Each structure stands twice: as structure tokens, then as C-alpha cells.
*Asks:* 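Pasting a structure below so you can have a look.
Given the structure is predicted, the values throughout are model-derived calculations rather than measurements. Per chain, numbering begins at 1; letters A, B, ... match sequence-line order.
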2 protein chains.
Amino acid sequence: MPNRNTEDLKSRLVEYMDREGLRSTAQRRLVSDVFFKSVGHLSIEDMLEKVRAIDQGVGYATVYRTLKLLKDSGLAFERHFGDGVSRYEVADEGEHHDHLICQTCSKIVEFEDDEIERLQEALARSHGFELRRHKHELYGICADCRAK
Amino acid sequence: MPNRNTEDLKSRLVEYMDREGLRSTAQRRLVSDVFFKSVGHLSIEDMLEKVRAIDQGVGYATVYRTLKLLKDSGLAFERHFGDGVSRYEVADEGEHHDHLICQTCSKIVEFEDDEIERLQEALARSHGFELRRHKHELYGICADCRAK
DNA sequence: GTCGCTGCAAAACGTTTGCATTTAG
DNA sequence: CTAAATGCAAACGTTTTGCAGCGAC
């Protein structure tokens, strides 16, 4: 139950599909609806499971291609956390965050730090780079796991 | 020609192998020597090519397993830059750096910023985490590519 | 001589694509 | 009707492993 305006996301997707001349199909609506209502970082398998709970006729490739579509439209971020699996996350507008990951229990905490953002922007500029995006992941052991 | 004490790295590897009861073989010595003399971020294929220039009998699996050994011993870092390929880098002691990557020409600039390090340490602590390692990658367009 | 290591080839793994069929527009 | 989307299965690229023979100790 994310606190999120899924209607807005849906209409942005429709706009994108209109613009690109893509068709609105039952599968795309199902996959994108399920995705927009999800929290966290979902693999294709995760999505397939959720989607098949509603319609088990949906194929892996369709989920894969719809997630790609969502990524291309800017409505999903694709993440890689070191295991070989791609994960997808709803790209809430304006919101941005990095990740703090527990190496023991795999808990993922999201964070944002304006000061770090500012410093990395400055750093990129000082090396002549125009910064487009970044990946900042902190790996450690969370308080719960240390307590055990 | 990295400015690096390869003898030290070699002896640390020998220590590790002794401790673990592993054997010193011609292939392991060759692969690790080539690796320690290398700069940058090498894929298994890169390493295989360099190694086979000296002894073309060496198999892919041996390079793979030796790189894994180097990673386990703490003498190599494994990196993932988003294409599906694992890359390895010599883990010089004390030295640490993050990466600034040009999205156009794939140039990789290494950086280190103590202030960012300090902030991320504080941030992890404030979330109850004991920080073990981190990944900080900045993607953008370098000056050369923007000039074109 | 033992048991770990090598090289090969094959398996595994997640991702991506070709194609015949279905379906939105 | 037409072209795009689907589902399947197969292709892909990379990583990982089983195993027979080889070699360090």
C-alpha cells in the first residue's frame, strides 16, 4: 500500500504510449497496474508471480517487455544490486534516493542526502563531467542483525 | 606500469594460500602476476587474453577461478558497471576510490572524496548500520565528448 | 600416492529475440 | 484489414560446475 498516486502514473503511461503509437492491451494494463501499486525493488520473477496471481496466462516475455517499456517511459528505474538480477522500482516523480543494504538480511533502506548530492555534483564538474545519474549504495550490517 | 609493489601483493597471496591450504601452481602464479601488474578494470576475457599471450594453454575456467581466489583473498575487487560483465581491479591496500564514468566514451575516472566518505559513514550510522563497503558511481558526459 | 588443480565441455542462469498467432486500432 | 503485441520456445552471453586426467606436495 504505497502512498502514491497511481492514477497519475497510469495517465503518464497512457500519454507515453499515445506519443509512441503503442497499444493499450489487457496485459500491459495488468502489469503496469500491479507495478504501480508495488513497493520496493522487484525482479521480473517477482512481477511475474504477482501478475500470474491475477491472470496466469501472462508470459515472462510480456512482463519483461512491459517493464522495459516502463523503464523507457521513465516510470520505472532499473537497479542492479550485484546478484545477477535486474530489479525495477516505481519512479515517483521528483523523488530520488539511494540505498543502504544489509549484507546479512538483505534489508534495503532508502536514503537521500542533499549534502552528498551537492558534493558529487561538484566533484563531477571538477573533472569536466556533466553529471547525468549516479548510483550510490552502502553495504553493511543493520542494527537488528548485529543484535543477534 | 602501475606504481605498485607487486612483490608485496604476491607474498600476501602466498600467505593466504598457505593459510587456506591451497596449492601454488604455474597457472595461478601466471594469472596473479599478470593481474597485479595490470591497471584498470579487467574482465575475465581481458585477463584471458593477457594470460594467453604468455601461455595459450590456460583455460577460461582457471582464470575465472583464480580471479575468484584473488577476490576471496581480498587482493581483488569485483566491479559491475551495468553491462553484464564482471570486472576485476587490484585491491591496493589503504587505497580506495569510486568511479566517474562517461556514458558516451566509457572513460573511467577514479575519485576519492573524504567529505563524501565521512557523510556516508555518518548516514549509515544514523540508520543503525555498520558500514562495510560501498559503491559510488557517477555517470555523465566527459568534457571531451561534450566538445564533439 | 593423495587430493587439489586444470582444461574442456556442458550446465546453469538471467536476459533477449524470432516467430506464428492473436488482437487493438 | 493491418500492424503491433503476445506467448512460447529457442538463442544469447556470461558465469559456474562436473569430471577425467594431471601435477603439487
*Asks:* Tell me, do B:Glu78 and B:Arg87 make a side-chain contact under 4.5 Å, heavy atoms counted?
*Replies:* no

*Asks:* With no angle test and no hydrogens, is the base of C:dC3 tied to the side chain of B:Arg23 by a donor-acceptor pair under 3.5 Å?
*Replies:* yes

*Asks:* For C:dG14, take OP1 and OP2 only and decide whether either is under 4.0 Å from a side-chain N or O of A:Ser43.
*Replies:* no

*Asks:* Treating A:Arg79 as the side-chain partner and A:Leu42 as the backbone partner, does any N or O pair qualify as donor plus acceptor under 3.5 Å?
*Replies:* no

*Asks:* Just the rounded figure in Å: distance from P of D:dG13 to CZ of B:Arg87.
*Replies:* 16 Å

*Asks:* Whole angstrom is fine here: how far is it from CD1 in B:Ile44 over to P in D:dG13?
*Replies:* 16 Å

*Asks:* Can you measure B:Asp83 atom CG to D:dT14 atom P for me and round it to whole angstrom units?
*Replies:* 8 Å

*Asks:* Would you indicate what A:Gly21 reaches in the nucleic acid, counting non-hydrogen atoms under 4.0 angstrom: base, sugar-phosphate, or nothing?
*Replies:* nothing

*Asks:* In whole angstrom, give the distance that lies between atom OH of A:Tyr60 and atom C1' of D:dA11.
*Replies:* 14 Å

*Asks:* Examine B:Arg133 relative to A:Tyr139 and say whether NZ or CZ is less than 6.0 Å from the centre of the six-membered ring and inside a 45° cone about the ring axis.
*Replies:* yes

*Asks:* Starting from the 5' end of DNA chain D, give me the residue, B:Ser86 or A:Gly59, whose nearest nucleotide shows up first.
*Replies:* A:Gly59

*Asks:* Ignoring the backbone of B:Arg65, work out which of D:dT6, D:dG18, D:dT14 is nearest its side chain.
*Replies:* D:dG18

*Asks:* Any side-chain N or O of B:Gln27 less than 4.0 Å from the OP1 or OP2 oxygen of C:dG7?
*Replies:* yes

*Asks:* C:dT23 C1' sits how many Å from A:Arg29 CZ, rounded?
*Replies:* 11 Å

*Asks:* What integer distance in Å separates B:Asp72:CG from C:dC5:P?
*Replies:* 13 Å

*Asks:* What integer distance in Å separates B:Glu45:CD from D:dG13:C1'?
*Replies:* 10 Å

*Asks:* Could you check B:Ser24 against B:Tyr88 and say which one's nearest nucleotide on DNA chain D is further toward the 5' end?
*Replies:* B:Tyr88

*Asks:* Flag the pair B:Lys68 and B:Asp72 as a salt bridge only when some basic side-chain nitrogen lies within less than 4.0 angstrom of an acidic carboxylate oxygen.
*Replies:* yes

*Asks:* May I ask you to evaluate whether A:Tyr64 reaches the phosphate of C:dT16, defined as a side-chain N or O under 4.0 Å from OP1 or OP2?
*Replies:* yes

*Asks:* Would you say B:Thr25 places a side-chain N or O within less than 4.0 Å of OP1 or OP2 belonging to C:dT6?
*Replies:* yes

*Asks:* If the condition is salt bridge (Lys or Arg N to Asp or Glu O under 4.0 Å), which residues does B:Asp18 pass it with, not counting sequence neighbours?
*Replies:* none

*Asks:* Between D:dT16 atom P and B:Glu78 atom CD, what is the distance in whole Å?
*Replies:* 7 Å

*Asks:* NA contact type, B:Arg28, heavy-atom cut-off 4.0 Å: base, sugar-phosphate, or nothing?
*Replies:* sugar-phosphate

